[in-house]
Amino acid sequence: MTILATLKSRFRTALAGLTDEVDTCLDLIRASGDPKFGDYQANFCMPLGKKLGRPPREVAEEVVGKLELDDLCGPPEIAGPGFINLRVKDARLIEQLTAAVTDARLAVATVEQPRTYVVDYSGPNVAKPMHVGHIRSTVIGDALCRTLRFVGHKAISDNHIGDWGTQFGMILYGYKHFVDAKAYADNPVQELARLYRLVRQLVDYHGGRAKLPVLKDKITQQENVLKQRTAEAGEKPDKKTRKTLRKLETDLAETREALKSLESQLAAVDGDALLSKLAAEHAEIGTAVLQETSKLHASDEENLRLWKEFLPACEDEIERIYGRLKVTFDHTLGESFYNDRLGPIVDELLAKGIARESDGATCVFFDGQDVPMLVRKKDGAFLYATTDLATLGYRMETFRPDAVLYVVDHRQSLHFEHLFTTAGRLGYDDVELKHVSFGTVLGDDGRPFKTRSGDTVGLEGLLDEAVRRVAAIVAENDDAKPSGSELSAVDRSNVAETVGIAAIKYADLSQARTSDYVFSYDKMVATRGNTATYMQYAYARVRSIFRRGDVDIDALRTSGATILLDSPAERALAMELLQFGEAIELSLADYRPNQLTSYLFELANRYSTFFEECPVLKAESDELRQSRLLLCDLTARTLQKGLELLGIDVVDQM
RNA sequence: GCCCUCGUAGCUCAGAGGAUAGAGCAACAGUUUCCUAAACUGUAGGUCACAGGUUCGAAUCCUGUCGGGGGUACCA
């Protein structure tokens, strides 16, 4: 039990009879923001006093009088308008730390009521190279699963891959027309990726050609509207008109920008002899690709056979990246898996009156919203929403979850709002459906990463670049060690891989989930401040102490050596160590991994201070040496476990 | 038009209605006979976009204004 939980239970007893809103009060007991107010503070006397019509300090007096905390804290202090400040007794800290020393869970309790979660994350389109846009979902989802499991929940990870979309139409078309048989035999993944890119480029080219006059028209139209409005507005337009004009100007600028980029895209093909020849020969490629996709969906024998042949190669490709990220899934049930359920779910929606026809499409409408959710197109094809409903149905039947978490970009919040409302109408009402949304990955220019076209950074290239940059730092630091370099070439390369991947993951996890994320190598690979490297470094320093002191830490843990907390640095470290469980709880309360990263940063900080101020191997006495070794051990294990919950590894030496 | 989000130090960002708003970069000033200086210590830096409101108490909740981003019927 965390110290906070113990405090709450004591307060619960003391509050009995005083109010019937005990839980509300208990929520106002927190770790102190400022050490000078002690370790914990209870803030409920002000609202409670108001409610009871009594002075808050008087209420505080009464509560303090009833509190039995002598074994846990020093005398409570009533401060300011009615805060109760608590300082945990060192003896209690020592007792809890001692328990953690021999506990594999570091004295973090499991939850009383375990739940079953289905966590939907990553979800790349196979057969398309994974890019930087996939990193957030993958990393956050993985961290949530690990953390949920650690506290005793059942977390079922399910990778809802896109294995049934238009990209297969492209590959099918490419395979039938452009395949290099030898290249395919040698390395199917690489060849399929080439085919995808080629067909994609040709489709975009013809699409772009068709779009060109449309864009030009649009620009003329926008120019005219702007001119007309400007004239109408006169010399002194009011505020609202000015705003409208400004909007028209930015719209026009955007359209011009789009035209420019389209023209350069077309020029790239036109300027390439081979590409322009292919483009001319495959003028109808756009519709042909859609036909290949429809044939696949209609179980065309050849296309289905080819799809089954391509799929394993595509899955191997994404598995390789997951292997490097050390991300695993319990299930990988892609869109194709739900193909048979799409028709029936639409029928059900219609039969129950949840959906109806509109403009030839099948739609679900929502109160107060003009936009419906489409579940079947005019041409009979199903959509994203249809698959998601079918998927939810399957998950409910199969896993019987208490909660389903969708770790998906916040731009899809409307989709999930629709999806969840519809699920409620279908009768899925005793399950928590949660869109764990996250901010967009932005480029250096502050614009969202393009998913359809443009130069996206491939995920693998990103990992390589991060590792390469870290490798340089590893070499530089190892060379600069006072007693000479310690790492072999192999060691250095392993450290670079672990630290590099960690840097990428941590940069993402330490950011508040809902805010946008600016992709930057420098930020990801920074070695200072709130970074994985800082924690890994703290961990490595502990390991270094054990190595140099030739410490048998297993023996020490069971030796019954006592922990001493005489210096401020030791006490601060101890207090921080004991708040690991609270940090995990906070992190899970709204699925925010950055709560855990903040905690670990704070812990590593406390350790660094301790490291500077408290000699371990050269401690004044043997007793103190053993105590400090135990603190080092607890710190290392907490850092390791905390990072592990985020999907990040540590290294013994760096 | 409607809906959703964001606006906090020069920069990048934390901040569960609680006390004097915090980190990291960058700046400045220190710390290597000592367990890894990928570190530590200190200084400086703020009208929490603006205006009202609710509250004992607001960066946080509500309303409005200004500014940024996103979404908005047959892509996923």
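Letters A, B, ... are given to chains in the order of the sequence lines, protein chains preceding strands, and every chain is numbered from 1.
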Contiguous Watson-Crick or G-U pair runs (3 or more, under 3.5 Å) in RNA chain B: B:1-7 with B:66-72, B:10-13 with B:22-25, B:27-31 with B:39-43, B:49-53 with B:61-65

A:His410 NE2 - B:rU72 P separation (whole Å): 12 Å

4.5 Å side-chain heavy-atom contact, A:Val495 and A:Asp478: no

Touch class at under 4.0 angstrom, heavy-atom based, for A:Leu383 against every strand present: sugar-phosphate

Pairwise P distance for B:rG10 and B:rC50, with rounding to whole Å: 14 Å

P gap between B:rA49 and B:rA9, integer Å: 8 Å

Residue whose closest nucleotide on RNA chain B lies nearer the 5' end, A:Tyr534 versus A:Lys378: A:Tyr534

Length of the NE2-C1' vector between A:His418 and B:rC4, whole Å: 12 Å

Non-hydrogen side-chain atoms of A:Val650 and A:Met535 separated by less than 4.5 Å: no

Distance between P atoms of B:rA29 and B:rG68 (Å, rounded): 40 Å

Salt bridge (Lys or Arg N to Asp or Glu O under 4.0 Å) partners of residues 528-540 of chain A, not counting sequence neighbours, each pair once: none

Euclidean distance for C1', B:rG46 against B:rA37 (whole angstrom): 32 Å

Nearest-angstrom distance, C1' atom, B:rG45 to B:rG52: 30 Å

Gap between atoms CZ and P, on A:Phe366 and B:rC2 respectively (whole Å): 21 Å

Residues in ring-ring contact (aromatic ring centres under 6.0 Å, His included) contact with A:Tyr607, at least two apart in sequence or another chain: A:Phe610

Qualifying salt bridge (Lys or Arg N to Asp or Glu O under 4.0 Å) pairs with a residue from residues 619-632 of chain A, counting only residues at least two apart or across chains: A:Glu570-A:Arg628

Touch class at under 4.0 angstrom, heavy-atom based, for A:Cys632 against every strand present: nothing

A:Tyr521 OH to B:rU12 P, straight-line distance once rounded to whole Å: 21 Å

Exceeds 12 heavy-atom contacts within 6.0 angstrom, atom CD of A:Glu77: no

A:Leu487 CG to B:rA38 C1', straight-line distance once rounded to whole Å: 12 Å

Length of the line joining A:Leu414:CG and B:rG69:C1', which is rounded to integer Å: 16 Å

Phosphate OP1/OP2 of B:rA76: any A:Gln412 side-chain N/O under 4.0 Å: no

Contacts of type ring-ring contact (aromatic ring centres under 6.0 Å, His included), residue A:Phe11, not counting sequence neighbours: A:Phe44

Separation of B:rC4 P from A:Asp370 CG (nearest whole Å): 13 Å

d(CZ, A:Phe438; C1', B:rG70) in whole Å: 14 Å

Sequence-aligned protein contact record of nucleotides 15-26 of chain B, with B where the base is within under 4.0 Å of a protein heavy atom and S where only the sugar-phosphate is: SB-BBB--SSS-

Syn-anti status, with the boundary at 90° from 0, for the nucleotide B:rU5: anti

A:His297 and A:Trp164 aromatic ring geometry - parallel, tilted or perpendicular at 30°/60° bounds: parallel

From A:Val551, A:Ile553, A:Val542, A:Ile545, residue fulfilling side chain to side chain contact (heavy atoms under 4.5 Å, CB included) relative to A:Asp633: A:Ile553

For A:Phe546, ring-ring contact (aromatic ring centres under 6.0 Å, His included) partners two or more places apart: none

Side-chain N,O (A:Thr609) to OP1/OP2 (B:rC40) below 4.0 Å: no

side-chain contact (heavy atoms from CB on, under 4.5 Å) against A:Asp552, all qualifying residues, sequence neighbours excluded: A:Asp554, A:Ala555

Write out a two-atom table: protein N or O, nucleotide N or O from nucleotides 27-37 of chain B, distance below 3.5 Å.
| from | atom 1 | to | atom 2 | distance (Å) |
| --- | --- | --- | --- | --- |
| B:rC35 | O3' | A:Arg548 | NE | 3.2 |
| B:rC35 | O2 | A:Val616 | N | 3.4 |
| B:rC35 | O2 | A:Leu617 | N | 2.9 |
| B:rC35 | N3 | A:Val616 | N | 2.9 |
| B:rC35 | N4 | A:Phe611 | O | 2.5 |
| B:rC35 | N4 | A:Cys614 | O | 2.9 |
| B:rU36 | OP1 | A:Ser544 | OG | 2.2 |
| B:rU36 | OP2 | A:Ser544 | OG | 3.0 |
| B:rU36 | OP2 | A:Arg548 | NE | 2.3 |
| B:rU36 | OP2 | A:Arg548 | NH2 | 2.9 |
| B:rU36 | O2' | A:Tyr537 | OH | 2.4 |
| B:rU36 | O2' | A:Arg541 | NH1 | 3.4 |
| B:rU36 | N3 | A:Met654 | O | 2.9 |
| B:rU36 | O4 | A:Met654 | N | 3.0 |
| B:rU36 | O4 | A:Met654 | O | 3.4 |
| B:rA37 | OP2 | A:Arg541 | NH1 | 2.7 |

Partner set under ring-ring contact (aromatic ring centres under 6.0 Å, His included) for A:His206, not counting sequence neighbours: none

Nearest-Å distance once atom P is located in both B:rC61 and B:rC75: 37 Å

Atom P, compared across B:rG7 and B:rA16: separation rounded to whole Å: 12 Å

All pairs passing salt bridge (Lys or Arg N to Asp or Glu O under 4.0 Å) where residues 361-372 of chain A contributes a residue, at least two apart: none

Whichever of A:Thr527 and A:Arg376 has its nearest RNA chain B nucleotide further upstream toward 5': A:Thr527

Sugar-phosphate, base or nothing in reach of A:Ser358, heavy atoms under 4.0 Å: base

Residue pairs fulfilling salt bridge (Lys or Arg N to Asp or Glu O under 4.0 Å) with at least one residue in residues 587-607 of chain A, sequence neighbours excluded: A:Lys434-A:Asp590, A:Arg513-A:Asp590, A:Glu576-A:Arg606, A:Glu602-A:Arg606

B:rU12 and B:rU65, which share atom name C1', separated by this distance in whole Å: 28 Å

Sugar-phosphate, base or nothing in reach of A:Thr533, heavy atoms under 4.0 Å: base

